[in-house]
Protein chains: 2
Amino acid sequence: MEQTGIRLTVDAVVFGYAKTEGVSILLVKRKYEPFKNTWALPGGFVLEDESLEQAVTRELKEETGIAVNYLEQLYTFGEPARDPRQRIVSVAYFGLINSSMYKELHAGTDADKAEWFNITNLPHMAFDHTAIIQAATARLRAKIQYQPVGFELLDKKFSFADLEKLYTALLGRDIDRRNFRKKILSFDFLEKLPEVTHPEGQGRPSNMFRFNKKRYDQLTKKGFFFEI
Amino acid sequence: MEQTGIRLTVDAVVFGYAKTEGVSILLVKRKYEPFKNTWALPGGFVLEDESLEQAVTRELKEETGIAVNYLEQLYTFGEPARDPRQRIVSVAYFGLINSSMYKELHAGTDADKAEWFNITNLPHMAFDHTAIIQAATARLRAKIQYQPVGFELLDKKFSFADLEKLYTALLGRDIDRRNFRKKILSFDFLEKLPEVTHPEGQGRPSNMFRFNKKRYDQLTKKGFFFEI
DNA sequence: TCAAAAGTGTTTCACTTACACCCATGA
DNA sequence: TCATGGGTGTAAGTGAAACACTTTTGA
């Protein structure tokens, strides 16, 4: 009936997005055994006086320098053999950061330790982290269809083209531009920014929009249900 | 950086259903401090060589004598202050048992230790178990709309009236009998049992049906998506 | 024969889907 | 003026919702 050696960790699957590079996940290279020098999810042991969320946030900061702007619990992985040395149970979290922070890491100093990997091109990974990432990716794909999480991945100001590309990348299928715009606008939680357009390369400039979270929260309280 | 005293438990929110009594949750009365003699979710410490699922199953058997026929992980609760004595992180599970097993417990011998409580009439509970139950109830309500979990709560053979009552109870709103039947039958995973009807009290006997899980699994593989 | 519960179809409406051309800009 | 990408409306089809009477049994 006794329990002695189970130790508790948290791991974070943080998604980032850039137009040019698509959807990526933040990984760190392990410095210690087991799996020394193998890529792994950022994470670590939970301290005795901090909450699980605090632990994830702290570890992310320590290991990658990044602060997410969305975080939710994903799943707890606890198979006895998932760590070859000792019994470790890990509470996995699911995080999103917006496009501008994504860029910051790329310009950061820890680039040899933490790196972004496109979700279609992940390295071999430590522990059961491949399975954790699969679970997180499935969650993201599901979530984007019924919660406005996409906006967390974009910059504050974005064009419909940006949004459309993101959804195309996440859903893995094409979207009808007209229907998509019609639907999103009908929700009435996007603000069209006045006269702010955005030339880029070539072509007609696009209107910029902003996600109005307050408006969204009001709507959900009234029973509104977002769905792509 | 050290972690010493965090201990890991599992807790189970098991739902049962009976036509007469509605949706209930299985609780046990605690024998020891803290919260001695207070109602709590069945659960306990995870042993070092067992998986989390095994731990829940074992604890349920030990404390209530019951075996669930559906079990999934719900959420991990880990606020530092959730246990007044020590740091305990608990992985909560969500379980369903069918109507016949529900009756068994009522006829069992452990009735003073384990008991069913209607979800609309729960006692004061130990730890943060009220919050865990809230999360589980929300999950059940959501889940029943896009996964055929309702059948786990009913007997193997059931009538459309049973199914309809269950959904009415879970969703908390009335259902149009014709539309409901039309929709469920259109999924084509219910077997109409030959000539088996079921008089009860008064009124026209009803056809009995059975959930064909194999058929359902086939359909989901083909991309079918259940939705009420 | 009456009360109680089960079984059954059709119409309306809303939402989703499909689809092609013009507009604004930089090169 | 051309190439590039942004912006826009309508028609057809599909699925959801609303709705009331008949059937079968026990009392």
Side-chain angles (χ1 to χ4, degrees), chain A residues 18-20 22 144-146 150 154-155 157-169 171-210 219 222-228, chain B residues 18-20 144-146 150 154-155 157-169 171-210 219 223-228:
Chain A
K19 270 171 266 188
T20 49
I144 200 165
Q145 306 210 37
Y146 62 88
L154 296 171
D155 282 323
K157 301 173 180 185
F158 53 86
S159 68
F160 256 94
D162 297 335
L163 196 57
E164 199 190 318
K165 271 176 206 146
L166 172 62
Y167 272 79
T168 304
L171 298 175
R173 58 177 166 83
D174 280 359
I175 297 176
D176 182 283
R177 205 179 344 146
R178 279 173 289 195
N179 293 339
F180 183 71
R181 189 190 188 95
K182 208 187 309 171
K183 178 160 227 171
I184 300 281
L185 284 179
S186 76
F187 295 144
D188 202 28
F189 54 55
L190 287 194
E191 284 171 45
K192 187 172 186 171
L193 297 175
E195 68 198 291
V196 183
T197 64
H198 183 164
E200 174 189 322
Q202 209 169 358
R204 177 173 173 176
S206 50
N207 293 315
M208 299 300 273
F209 291 83
R210 181 168 51 187
L219 289 168
K222 287 179 190 164
F224 159 80
F225 191 62
F226 175 84
E227 197 173 21
I228 290 297
Chain B
K19 270 171 266 188
T20 49
I144 201 166
Q145 306 209 36
Y146 62 89
L154 295 171
D155 283 323
K157 301 174 181 184
F158 52 86
S159 69
F160 255 93
D162 297 336
L163 196 57
E164 199 190 317
K165 269 175 207 147
L166 172 61
Y167 272 78
T168 304
L171 298 175
R173 58 177 165 84
D174 279 359
I175 296 176
D176 182 283
R177 203 176 348 142
R178 280 172 290 193
N179 293 338
F180 183 71
R181 188 190 189 96
K182 209 186 308 171
K183 177 161 228 172
I184 300 280
L185 284 179
S186 76
F187 294 146
D188 202 28
F189 53 56
L190 286 194
E191 285 172 43
K192 187 172 187 170
L193 297 175
E195 68 198 294
V196 183
T197 63
H198 181 167
E200 176 190 319
Q202 206 171 358
R204 177 173 173 175
S206 48
N207 294 314
M208 300 300 273
F209 292 82
R210 181 167 53 188
L219 288 168
F224 158 80
F225 191 62
F226 175 84
E227 198 173 21
I228 291 297

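Protein chains get the first letters and strands the later ones, always in sequence-line order, with residue 1 at the start of each.
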What is the distance, to the nearest angstrom, from the [atom1] atom on [X] to the [atom2] atom on [N]?
X      : N      : atom1 : atom2 : answer
A:F209 : D:dG6  : CZ    : P     : 12 Å
B:E164 : C:dT8  : CD    : P     : 13 Å
A:I175 : D:dG6  : CD1   : P     : 14 Å
A:I228 : C:dT17 : CD1   : P     : 11 Å
A:R177 : D:dG9  : CZ    : C1'   : 14 Å
B:L163 : C:dG7  : CG    : P     : 12 Å
B:R204 : D:dT25 : CZ    : P     : 8 Å
B:F180 : C:dG7  : CZ    : P     : 13 Å

What distance separates A:L190 CG from A:N207 CG, expressed to the nearest 0.5 Å?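 Reported value, rounded in 0.5 Å steps: 12.0 Å.
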Kindly indicate whether the side chain of [X] and the base of [N] share any N or O donor-acceptor pair separated by less than 3.5 Å?
X      : N      : answer
B:N207 : C:dA6  : no
A:K182 : D:dT10 : yes
B:R181 : C:dG7  : no
A:R178 : D:dG7  : no

Residue of the set A:F180, A:F209, A:F224 for which ring-ring contact (aromatic ring centres under 6.0 Å, His included) holds with A:F187: A:F224
Taking the side chain as C-beta and beyond, is there a heavy-atom pair between A:Y167 and A:I228 under 4.5 Å? yes
Of the non-hydrogen atoms in B:F158 and B:D155, which two are nearest, and what is the gap between them? CD2-O, 3.4 Å
Would you mind telling me which residue lines up with the more 5' stretch of DNA chain D, B:D176 or B:K183, judged by nearest nucleotide? B:K183
Pairwise 5' ranking along DNA chain C for B:N179 and B:A161, keeping only the more 5' one: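 Checking each residue's closest nucleotide, the 5'-ward one belongs to B:A161.
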Residue of the set A:R210, A:K19, A:K157 for which salt bridge (Lys or Arg N to Asp or Glu O under 4.0 Å) holds with A:D162: A:K19
